[in-house]
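For reference, the structure discussed in these notes is given below.
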Amino acid sequence: MSTSESSLLHVEGVDVHYGKGLRRKQVLHQVSFRLGRGEAVGVIGETGSGKSTLARAILGLVTPSAGTVTVGGRETTGFGKAEWIAFRRSGIIQYVFQDPLRSLDAATTVGFSIAEPLLVRGGTPGREAKERVRELMEQLNLDADLADRFPGELSGGQRQRVAIARALITQPQVLILDEPVSALDSANRVQILEILGQLRQSGVSLLFISHDLGSVAGITDRTLVLYRGQVVEDNVTADVVNSPRHPYTQLLVGSAPTLSGGSIDKARRDELRAALHLS
Ligand SMILES: Nc1ncnc2c1ncn2[C@@H]1O[C@H](COP(=O)(O)OP(=O)(O)OP(=O)(O)O)[C@@H](O)[C@H]1O
């Protein structure tokens, strides 16, 4: 099978601009990459490098000014409103954001929140949806009695697991995770990373966006490094960690002491920052 046939997600030459007139600003520059079936790809970069914009472009929440996005063989660039609604409802692509309160309705019980994407899509009897909710809650280590609670009555880690269960209920082919562990304490972070690792093993394709290479390193096959809206590195994650090529990646790796080959001294970091014109 060729790479293009096995690619679930194919982003090609994508530019994104925000604003109009004098305020118009380019945030993504010719971003290209592929996510294969069952593959996990990390996207790392500092704040403002364009990571969330990339997720938004894939999800149709911003319109690229150039380039194409193809999901499951279907080019989504150029979709009208109705096509986007139908496409999102199909559940082929789902997402989890940093703050689960953004994706969960405060006035909706956990059980219903998880079931909702399936019910909106239609075609699944209520009893079956309820059974799927039960299975997913078990898979994500959520006690069954939490199903009747509201998001505000859960811990941050439980809420994030509910958001993941909700994203999984339509059995998506691609799951986009935008900083899924950044708001969590270290115990919850470890638990969620374990769950994502299991998902990855079970064959769900993951696009894992984070500013922290340490979080994505254990789960992803490949990592893209975004720097000022450009992909400056796209390589096997182990190579990105152990032999980063671009100065920006060297700085990211050198600033993550938990990574093997990690920490570099301050003088080297200052040197790299100067080369990158960072303050
Ligand atoms: N709706 C918007 N209108 C104008 N500019 C925006 C908008 N959203 C984001 N930006 C700008 O685009 C750039 C990239 O933002 P983006 O949120 O994609 O970065 P990021 O890498 O995800 O950052 P973070 O890690 O802080 O979430 C930033 O300079 C940001 O200020």
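Start at 1 and go down the list; that is how both ligands and their atoms are numbered. Reckoned from all heavy atoms, side chains included, excluding hydrogens, waters and symmetry mates.
Atoms of ligand 1 lying under 4.0 Å from at least one heavy atom of Glu46, given by number and element, are 21 (O). Interface atoms of ligand 1 facing Val27, defined by a heavy-atom separation under 4.0 Å, are 12 (O), 13 (C), 14 (C). If you number the atoms of ligand 1 from 1 as listed, the ones under 4.0 Å from a heavy atom of Lys51 come out as 18 (O), 19 (O), 20 (P), 21 (O), 22 (O), 23 (O), 24 (P), 25 (O).
Annotation: atom 9 (C) of ligand 1 to nearest protein heavy atom, Tyr18 CE1, 3.4 Å. The single protein non-hydrogen atom nearest to atom 17 (O) of ligand 1 is Ser52 CB, 3.7 Å, given as residue, atom name and distance. If you check which protein heavy atom lies closest to atom 18 (O) of ligand 1, you get Thr53 OG1, 2.5 Å.
Contact between Gly45 and ligand 1 is absent, with no heavy atom of the residue lying under 4.0 Å from the ligand. The shell of residues lying under 4.0 angstrom from ligand 1, judged by heavy atoms, excludes Gly19. By the 4.0 Å heavy-atom criterion, Gln98 is excluded from the residues contacting ligand 1.
Contacts with ligand 1 closer than 4.0 Å are made by side-chain heavy atoms of Lys25 only, the backbone lying farther away.
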Practice item. Given side-chain hydrogen bond (donor to acceptor under 3.5 Å, both in side chains), test Thr109 with Asp148 step by step and report yes or no. Key: CA-CA 5 Å; Thr109 60; Asp148 297 326; 5.7 Å; no
Exercise for review: Test salt bridge (charged side-chain N to carboxylate O under 4.0 Å, His left out) on Arg159 and Asp99 and set out the steps.
Suggested key: CA-CA 9 Å; Arg159 273 200 291 265; Asp99 177 4; 5.7 Å; no
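Look at Glu138 and Arg134 and you find a salt bridge, because one of the NZ, NE, NH1 or NH2 atoms lies within 4.0 Å of a carboxylate O, short of that distance.
The hydrophobic cluster around Leu119 extends to Phe112, counting ILVMFWY residues whose side-chain heavy atoms fall within less than 4.5 Å of a member.
In terms of heavy atoms, Glu116 sits closest to Arg166 at OE1-NH1, 2.9 Å.
For the residue pair Thr249 / Tyr227, no side-chain donor-acceptor distance below 3.5 Å is found, with atom types taken as modelled.
Taking Asp234 as the reference, Arg222 meet the salt bridge (Lys or Arg N to Asp or Glu O under 4.0 Å) condition, with sequence neighbours excluded.
By the 3.5 Å distance cut-off applied to N or O atoms, Arg56 is not counted among the residues near ligand 1.
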